[in-house]
Asker: 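Below is one structure. I have some questions about it.
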Amino acid sequence: MGVLASVAGCGGGTEGAPIAESSTSSVVATPVADEPWDPCTIPDSAVEAAGLDVGSKESGARGITEIANWKVCSWNNPEPNSWYLLGIFSSLTSSIEDVRQNERFQRFTKDPALGGERFLRSGQDGSESCGLAYEVDGGVVYFVLDKRVVRDALGDPCSEVGRTAMALRSSMPPVVG
């Protein structure tokens, strides 16, 4: 639970956790059996088709590159009107129930159309972000869309995280259930 709080809260990293390598490959890497799927392996073509800026890819989120038992990758939507950051989090050792137990995540609702669970996340600055979590073969994957502080929202963050997650689902591990 503490790990999820630091993951979701953009707290400090944990020493010894694997760091996702930057890649320009268009092939999705097969996960190693004892490591979570690495969202940074999503092909650039899929990232671009989802409406994200390929050049903004960051292993981690907001400067955090190491989180024990998690792989994290993030992108902005493209300039000149970039208004959000999308982070994708993946773990083998956590479940969707662990995500639900994170005190910063609230109002979980199943979304049959998207095949996952939507949630809101309270930010440290009082803002709310939208997320979508999936129970996947071998763990959990969740998406969080944070509005950039310096920009006005140019859409609904909850609709946008759903649209983006659906566009990238074929690149992630199979959804369970």
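Since this is a predicted model, take the numbers as computed values, not measurements.
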Asker: With sequence neighbours left out, what residues match R169 under side-chain hydrogen bond (donor to acceptor under 3.5 Å, both in side chains)?
Answerer: none
Asker: List for me each residue that meets side-chain hydrogen bond (donor to acceptor under 3.5 Å, both in side chains) alongside T164, sequence neighbours excluded, and say none if there are none.
Answerer: none
Asker: Among all residues two or more places apart in sequence or in another chain, which pass the side-chain hydrogen bond (donor to acceptor under 3.5 Å, both in side chains) test with D137?
Answerer: none
Asker: Any sub-3.5 Å donor-acceptor pair from R118's side-chain atoms to C158's backbone N or O?
Answerer: yes
Asker: Check whether any side-chain heavy atom of V141 sits under 4.5 Å from a side-chain heavy atom of F89, and report yes or no.
Answerer: no
Asker: Could you tell me which non-hydrogen atom of A50 sits nearest to which non-hydrogen atom of A167, and how far apart they are?
Answerer: CB-CB, 3.7 Å
Asker: Are K57 and S74 close enough that some pair of their side-chain heavy atoms sits under 4.5 Å apart?
Answerer: no
Asker: Applying salt bridge (charged side-chain N to carboxylate O under 4.0 Å, His left out) as the test, list every pair that has at least one member in residues 78-91; sequence neighbours left out.
Answerer: E79-R148, E79-R151
Asker: Going by the rule salt bridge (charged side-chain N to carboxylate O under 4.0 Å, His left out), which residues pair with E117 if we only count those two or more places apart in sequence or in a different chain?
Answerer: R100, K110
Asker: Just do the side-chain hydrogen bond (donor to acceptor under 3.5 Å, both in side chains) check on D146 and S129 with the steps written out, would you?
Answerer: CA-CA 5 Å; D146 292 318; S129 301; 2.4 Å; yes
Asker: What residues, two or more places apart in sequence or in another chain, satisfy side-chain hydrogen bond (donor to acceptor under 3.5 Å, both in side chains) together with N76?
Answerer: none
Asker: How many angstroms lie between atom CD1 of I96 and atom CZ of F108, to the nearest 0.5 angstrom?
Answerer: 7.0 Å
Asker: Pair Y142, F105 - check ring pair (Phe, Tyr, Trp, His ring centres under 6.0 Å), show working.
Answerer: CA-CA 12 Å; Y142 72 87; F105 295 171; 5.5 Å; yes
